**Student:** 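Next up is a structure, given as structure tokens.
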Amino acid sequence: MSSTLWLTTLAMIAFAGNSVLARLALGDGAIDAAGYTGIRLTSGAAVLAVLLINANRKSSPAVRLPGGWPSALALFVYSVAFSYAYLQLGAAVGALVLFASVQATMIAWGLIRGERPGVTEIVGLTIAFAAFVYWIAPALVTPALVGTLLMIASGVAWGIYSLRGRSATDPMGETAGNFIRTVPLALPLIALSGFQSGMSAAGILIALASGAITSGLGYIVWYRALPGLTATRASIVQLTVPVIAALGGVLFLAETLTLRFVLAATLILGGIALALVTRNR
């Protein structure tokens, strides 16, 4: 259990890092959404390919590519929709739409498969989600319809990718294989961005960091954590990502930490802790 806890914590920090890096790059116009997505995926694939080759060299001389196209396509859809949605949505509204969609996808699948959350777990989830809505309520202006639909698609794709990862027997290998499969889809995005002169040096560096560290390596950690989580747990714990991302915004983007946020964050984490502890078997 302690191993799952640490792995999950690291994965959530990595996912929050993705949000902070995306806001930094796309919000300031350092790079366009196409270039950011393309570089993020190809740099993640490059780092993971090196790790995969090294692992195969030690275990087996045969060349193989783990993972699969369904997971790779889910990863690609998540990445593209995430980037383009943040061109139209504010950070808070986007986070709510994204993680509500992730939750809905993973909990719905858990219910279909026969998981039944207990009363206390439902109470914890309700507290966490209500506090999250309370936190972003002042920012809930009517968002752009296209941006909202894109973020919903991104959340559903992330949920599908996470659910498929629960059965992974080789987390690093399957993550690498999925990223490598996205390269033929990502390269045209880079070409489009280059044609439109949509990339600056700073934007490229941020996209590289997102792809190589917080995306590629972050997903390996997430894959390793998922076998120790039910679909309900996995969906609940991801509510911490917007909180961590907001803290990252305070530290790295000079955003203001308000009393409202502190109160909401406490209730969110408390609700999640209540749900996870009562679910412990």
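If you're wondering where the values come from, they're calculated on a predicted model, not measured in any experiment.
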**Student:** When rounded to the nearest 0.5 angstrom, what distance separates CG in Asn178 from CG in Leu41?
**Tutor:**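 Spacing of CG (Asn178) from CG (Leu41) equals 11.0 Å.
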**Student:** Does Ser193 have any side-chain hydrogen bond (donor to acceptor under 3.5 Å, both in side chains) partners at least two apart in sequence or in another chain, and if so, which?
**Tutor:** Asp32
**Student:** Kindly compute the distance separating OH (Tyr134) from CG (Leu263), expressed to the nearest 0.5 Å.
**Tutor:**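 Interatomic distance, Tyr134 OH to Leu263 CG, rounded to 0.5 Å: 5.0 Å.
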**Student:** Apply side-chain hydrogen bond (donor to acceptor under 3.5 Å, both in side chains) to Ser83 and list each qualifying residue two or more places apart in sequence or on a separate chain.
**Tutor:**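 side-chain hydrogen bond (donor to acceptor under 3.5 Å, both in side chains) check on Ser83 returns Thr37.
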**Student:** When rounded to the nearest 0.5 angstrom, what is the spacing between OG1 in Thr148 and CE in Met151?
**Tutor:**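 If I round to the nearest 0.5 Å, the distance is 9.0 Å.
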**Student:** Rounded to the nearest 0.5 Å, how far does CZ of Phe179 lie from OG of Ser71?
**Tutor:**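 The OG atom of Ser71 sits 11.5 Å away from the CZ atom of Phe179.
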**Student:** Is there a side-chain contact between Leu229 and Trp222 in this structure, where contact means two heavy atoms from C-beta onward sitting under 4.5 Å apart?
**Tutor:**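 Yes, their side chains come closer than 4.5 Å.
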**Student:** Assess the residue pair Met199 and Ile39 against the criterion (side-chain contact (heavy atoms from CB on, under 4.5 Å)); give the C-alpha distance rounded to whole Å, side-chain angles, the decisive distance to 0.1 Å, and a yes or no.
**Tutor:** CA-CA 10 Å; Met199 297 183 287; Ile39 293 174; 3.5 Å; yes
**Student:** My understanding is that only one of Leu149, Val102, Val80, Leu98 makes a side chain to side chain contact (heavy atoms under 4.5 Å, CB included) with Ser154; could you say which?
**Tutor:**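 Of the listed options, the one satisfying the test is Leu98.
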**Student:** Can you name the side-chain hydrogen bond (donor to acceptor under 3.5 Å, both in side chains) partners of Thr214, sequence neighbours left out?
**Tutor:** Asn18
**Student:** Indicate the atoms forming the closest heavy-atom contact of Gly173 with Leu52, along with that distance.
**Tutor:**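 Between these two residues, the closest heavy atoms are CA-CD1, 3.8 Å.
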**Student:** Would you give the length of the straight line joining atom CG of Leu150 to atom OH of Tyr86, rounded to the nearest 0.5 angstrom?
**Tutor:**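 Interatomic distance, Leu150 CG to Tyr86 OH, rounded to 0.5 Å: 12.5 Å.
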**Student:** Taking Ile190 as the starting point, is it possible to reach Phe195 by hopping between hydrophobic residues whose side chains are less than 4.5 Å apart?
**Tutor:**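 They do not share one cluster, since no chain of ILVMFWY contacts under 4.5 Å joins Phe195 to Ile190.
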**Student:** Going hydrophobic residue to hydrophobic residue with side-chain gaps under 4.5 angstrom, can you get from Val20 over to Leu208?
**Tutor:** yes
**Student:** Per the side chain to side chain contact (heavy atoms under 4.5 Å, CB included) rule, which among Thr8, Thr9, Leu7 passes with Leu5?
**Tutor:** Thr9
**Student:** Looking at Phe82 versus Trp158, is the centre-to-centre ring distance below 6.0 Å?
**Tutor:**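 No, they do not, as the ring centres are separated by 6.0 Å or more.
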**Student:** Please check if Leu192 and Tyr36 belong to a single hydrophobic cluster, counting links between Ile, Leu, Val, Met, Phe, Trp and Tyr side chain heavy atoms closer than 4.5 Å.
**Tutor:**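 No.
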